[in-house]
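Report on the following structure.
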2 protein chains.
Amino acid sequence: MALANEPFIIDGLELSNWDRDFLLDLHKGGVTCVHACCGLWENARETLSKIGEWKRFFDENSDLVMQVHTGGDILKAKTSGRIGVVLGTQNTSLIEDELSLVPVFNQLGIKIMQLTYNNQNLVGSSCYEERDSGLTRFGKNVIDAMNKEGVIIDLSHCGTQTTLDAINYSSRPVAITHANPDWIYPSGRNKSKKVLSALRDNGGILGLCAYPHLINGEETTLSEFTDLIKQTVDFMGVDKVALGTDLTLNMSEDFLHWMRMGRWTHEINYGAGSASQPSWPSWPSWFQTPSDFPNIREGLYETGMAEKDVNAIMGNNWLQFFTAGFEANKGG
Amino acid sequence: MALANEPFIIDGLELSNWDRDFLLDLHKGGVTCVHACCGLWENARETLSKIGEWKRFFDENSDLVMQVHTGGDILKAKTSGRIGVVLGTQNTSLIEDELSLVPVFNQLGIKIMQLTYNNQNLVGSSCYEERDSGLTRFGKNVIDAMNKEGVIIDLSHCGTQTTLDAINYSSRPVAITHANPDWIYPSGRNKSKKVLSALRDNGGILGLCAYPHLINGEETTLSEFTDLIKQTVDFMGVDKVALGTDLTLNMSEDFLHWMRMGRWTHEINYGAGSASQPSWPSWPSWFQTPSDFPNIREGLYETGMAEKDVNAIMGNNWLQFFTAGFEANKGG
């Protein structure tokens, strides 16, 4: 069997405090590759420092982890028994107003960029803005550059109009790395049938999200989560659904404030949380650490899903999407 | 004959206004590779923009030019008939005070860094400081990181103590990409016998410089320049001498002010120039553009030098030095 057909576990987004223990938990969970968040509001200079810190982490733990730039790197992580980390940002703030920084950060391994985080930015509007004016002129240039370089477009936090514009404008399939259908779990951050139809028709992919505020909190049962997966598969097709847990383990309150408020407000802002749930959410019992990924796999088997489909959702769809998406398209 | 044994023309530093015409002149001169200056006083953020501009230049002129990260890339430039450009900086200002930025900028292709430009910085002292306190503690960390990553240490503008300290501290051979022996052409920027002996004994390399202020101005004859080369070969050995013309064509007065004064002074400063020669120097008749490299080669032949030695000096010494120097030394 070709390596790419073996079962992979790949997570479409994690935002945790990456240390050696976290790597060991990922390893225990059988995880081969994770898209790790390398920035929320950071500008170019700040992102350089973050990349520098990640490189040091990769270097100091090279027995357990390696940076992923290509699909081949994911296979290499698999064969060497390490965790492959794809660095990405949940914003385009790192390129500031400068188109030429797309290839620069691509070379540093920022292989996924979410067009907007929680606010209006130079590229488009977020799902939390009152009005979404859609993809900007600069935004179109940024998408062209990302399409050319092989940087995957992530629309998870984008507003509806910006998301539809980006799907329509991009010459390559795009990703929503971490969100759920809003008709199953209502939330401004989750996605409508209109958006997910457009994503499906574009050849894109959706990473379903276990972030407690985007499901029914820590009380959500495993069978409710696997039911979410099955319903989404019924709507999108089994080749277009994956996981993007948005796991946030061992993060500080300071980081939570940075995540929600950046430098743009001095008032408390809850993001997907609320005044009654102001802190980091507690996670469901079946997903306390990344060593619990096999629970999701077992849950899917219990629904009667075929092995091939379980593997597709657990990681092989991401493998295929990342492999194609990370390739440059210099001629296109 | 192996490709690496064919004659190469490689220039150890040029600071010119890189446009398509300049590439065509390099091509006409038979040049395969140039170390191009990608920064003088620029900080991390500014250097990102400069790298972005260079990448755009490479992309828009990919029929004539390619970026060089490895010795293999130089061979690739040769076989494809393009100019290979090694990006480097004449300062360590790009890493600011942050050790982790050495691998970050290495990944972006900054393969040569001069430890200091014309001033004291966080790493060491320049040749123009009144006192040279030598390599700093941070400077030692920077050298360790450069040695590990395969970023070549350039000492051309460094002060004597800083230069001797760096040669002594570095675990790998270092370069003086553009300077001359000071006993032939006296200048604070040229190098003493003590420094060049240390460089030679370290396995390092010296790029001899045609910058008019570091020889006898535009009146310097070709035979005087080839005599400089011969005398230096006699002192250093033919395997340790190369060219680093420091060619500065079509540069603006604004750039000259930036080069000499950066942000550190509001008083006029002449660097290697003087009040009587305040502007860009005129170049000798035999080296008006990079299409004139064959004149230097012919001049060397006329001294009676063997073909193998002429090739070594014109480029093959740099080929060997760059090939070894650009390799990472992760285990070392």
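Letters go in sequence order (proteins before strands), and every chain restarts at 1.
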**Prompt:** Does CZ belonging to B:R263 count more than 12 external heavy atoms closer than 6.0 Å?
**Reply:** yes
**Request:** Given side chain to side chain contact (heavy atoms under 4.5 Å, CB included), test A:K55 with B:L101 step by step and report yes or no.
**Result:** CA-CA 10 Å; A:K55 287 191 177 297; B:L101 295 193; over 6 Å; no
**Fill in**
Minimal heavy-atom distance between B:E98 and A:R45, with the atoms involved, is OE1-NH2, 2.8 Å
**Request:** Starting at CD of A:E96, measure out to OG of B:S49 and round the result to the nearest 0.5 Å.
**Result:** 8.0 Å
**Message:** Does A:Q320 have more than 12 heavy atoms from other residues, nucleotides or ligands lying within 6.0 Å of its CD?
**Reply:** no
**Prompt:** Has B:R56 got more than 12 heavy atoms of other residues, nucleotides or ligands less than 6.0 Å from its CZ?
**Reply:** no
**Asked** What part of B:S62 is in contact with chain A, defined as an atom under 4.5 angstrom from a non-hydrogen atom: side chain, backbone, both or neither?
**Response** neither
**Message:** Looking at every non-hydrogen atom in both residues, tell me the closest pair between B:L48 and A:V104 and how far apart they are.
**Reply:** CD2-CG1, 3.6 Å
**Asked** Within a radius of less than 6.0 Å around NZ of A:K78, do more than 12 heavy atoms belonging to other residues, nucleotides or ligands occur?
**Response** yes
